[in-house]
There are 2 protein chains.
Amino acid sequence: MPSDQQSSQPLTASEEAFVRELSRVMLALPRAVDADIVREAGLPLSEYTPLMHLSEAPGRAMRMSELAAACNITLSGMTRVVTRLEKQGWVERTKCAEDGRGWNAALTDAGLTRLEQAWPEFLASVRRHLVDHFKGQDLNQLTVALRHVATSENQPG
Amino acid sequence: MPSDQQSSQPLTASEEAFVRELSRVMLALPRAVDADIVREAGLPLSEYTPLMHLSEAPGRAMRMSELAAACNITLSGMTRVVTRLEKQGWVERTKCAEDGRGWNAALTDAGLTRLEQAWPEFLASVRRHLVDHFKGQDLNQLTVALRHVATSENQPG
DNA sequence: CGCATGTACTTGCCCCGTCAAGCAACTACT
DNA sequence: AGTAGTTGCTTGACGGGGCAAGTACATGCG
């Protein structure tokens with residue numbers, strides 16, 4: 001690989017267009033989906049996402065740090081989200097048995113109900129805004145590429 | 001198309017994986033690129049982007065609302081960004097000749113220089129984090145899909 | 001055992017961007 | 001021309017999330 005030489009070449013027209021369109025989507029899509037589920041289900045994406053992950057976890061509970069990682073926000077951000085969720089009664093904090101420093105965020109029955117109410121609108125919104133536009137495409141191939149993107153970002157360059 | 005029936009079907013496994021991986025990328029990628037150019041060039045993405053658009057505009061100037069639209073943020077958000085840029089001397093506000101209510105944000109020479117300093121790192125970062133992972137893919141097809149996503153988001157549903 | 005180092009979470013401070021409201025200037029209608 | 005309504009931008013209040021520092025517990029090493 002002719003390393004550095006190559007990274008200072010401008011992007012091709014196709015690459016450029018791709019980058020710009022993706023930038024646009026990265027800003028607009030979350031806002032659109034968030035607006036939909038806030039309007040239709042009264043639950044912002046920032047709260048929907050952790051509820052979803054919790055509902056899939058064994059025992060409907062996860063350590064704070066796991067949950068933060070799953071939702072791709074920092075632990076400190078997750079502290080605040082869980083505080084909000086706890087106030088509304090969707091989640092409870094329980095001390096972690098194996099590690100005195102750790103806490104589990106556990107989904108309550110009320111939280112699960114709330115999630116189930118919001119789920120159809122979330123699904124519809126994601127279909128409408130995103131999935132439907134990728135009909136003829138090889139999603140698996142795309143997903144692999146995205147996975148590489150997501151993992152490469154951990155080591156800054 | 002069997003419309004509504006379909007939108008309440010759960011996603012297929014491929015769709016689900018795609019949505020989740022994209023969500024991850026949408027959060028992580030901007031942070032990664034931002035961190036890179038802040039570290040290497042001292043310019044956050046939120047300021048790089050408007051400078052870039054201005055540099056490409058005729059006369060290196062754009063109306064506030066155009067610039068906001070180009071950067072996919074609200075006009076009020078752009079007011080604040082431009083205020084920051086102005087303080088640093090990269091941009092000047094000039095009254096719009098044709099419309100007394102309007103203002104142009106104009107890139108200064110210093111701003112252009114600043115942008116040119118940051119550009120290589122931006123380019124390298126975008127290549128490293130994003131473009132390089134899409135080597136064998138049909139970017140044009142992808143870009144078209146993304147464009148549909150971006151435009152569909154304007155009409156909420 | 002006792003101290004140094006490391007890890008899990010929380011909190012304070014701050015940046016960024018949104019929304020709603022306000023102001024100025026343009027447009028249309030009479 | 002005068003007034004009503006609209007548009008372009010700014011401002012105030014606010015929420016979300018990041019980073020760095022603080023706290024509480026855990027672990028390793030003398």
Stepwise, does the side-chain contact (heavy atoms from CB on, under 4.5 Å) test hold for A/Leu112 with A/Leu54?
CA-CA 9 Å; A/Leu112 186 59; A/Leu54 288 176; over 6 Å; no
Side-chain donor or acceptor of B/Arg24 paired with backbone N/O of B/Leu29 under 3.5 Å:
no
According to side chain to side chain donor-acceptor pair (under 3.5 Å), does anything in residues 91-102 of chain B pair up with another residue at least two apart or in another chain? List the pairs.
B/Thr83-B/Arg93, B/Glu86-B/Arg93, B/Asp99-B/Arg101
Quick one: B/Leu27 CG to D/dG16 P, roughly how many Å, whole number?
15 Å
Between A/Lys87 (NZ) and D/dG16 (P), how many Å, whole number?
11 Å
Pairs involving residues 32-77 of chain A, ordered by first then second residue, that meet ring pair (Phe, Tyr, Trp, His ring centres under 6.0 Å) (sequence neighbours left out)
A/Tyr48-A/Phe122
ILVMFWY cluster, B/Leu142 and A/Met26 together (side-chain gap under 4.5 Å)
yes
In residues 54-66 of chain B, what residues come within less than 4.0 Å of DNA chain C, judged by heavy atoms?
none
Going 5' to 3' along nucleotides 14-21 of chain C, which nucleotides have protein heavy atoms under 4.0 Å from the base (write B), which only from the sugar-phosphate (write S), and which from neither (write -)?
--SBBBB-
Any ion pair linking B/Glu121 and B/Arg39 (charged N to carboxylate O, less than 4.0 Å)?
no
If I compare all heavy atoms of A/Val81 with all of A/Ser46, which pair ends up nearest, and what's the gap?
CG1-O, 3.6 Å
How close or far is atom P of D/dG8 from atom CG of B/Asn104, stated in whole angstroms?
13 Å
Result block: side-chain N/O donor-acceptor pairs under 3.5 angstrom for residues 63-75 of chain A, not counting sequence neighbours:
from, atom 1, to, atom 2, distance (Å)
A/Glu66, OE2, A/Arg63, N, 3.1
A/Thr74, OG1, A/Gly77, N, 3.1

Backbone of A/Pro44 reached by a side-chain donor or acceptor of A/Glu47 within 3.5 Å
no
Carboxylate-amine/guanidinium proximity below 4.0 Å for B/Glu40 and B/Arg128
no
Please tabulate, one pair per line, each protein N/O and nucleotide N/O from nucleotides 25-27 of chain D that are separated by under 3.5 Å, including the distance.
from, atom 1, to, atom 2, distance (Å)
D/dA26, OP1, A/Gly100, N, 3.0

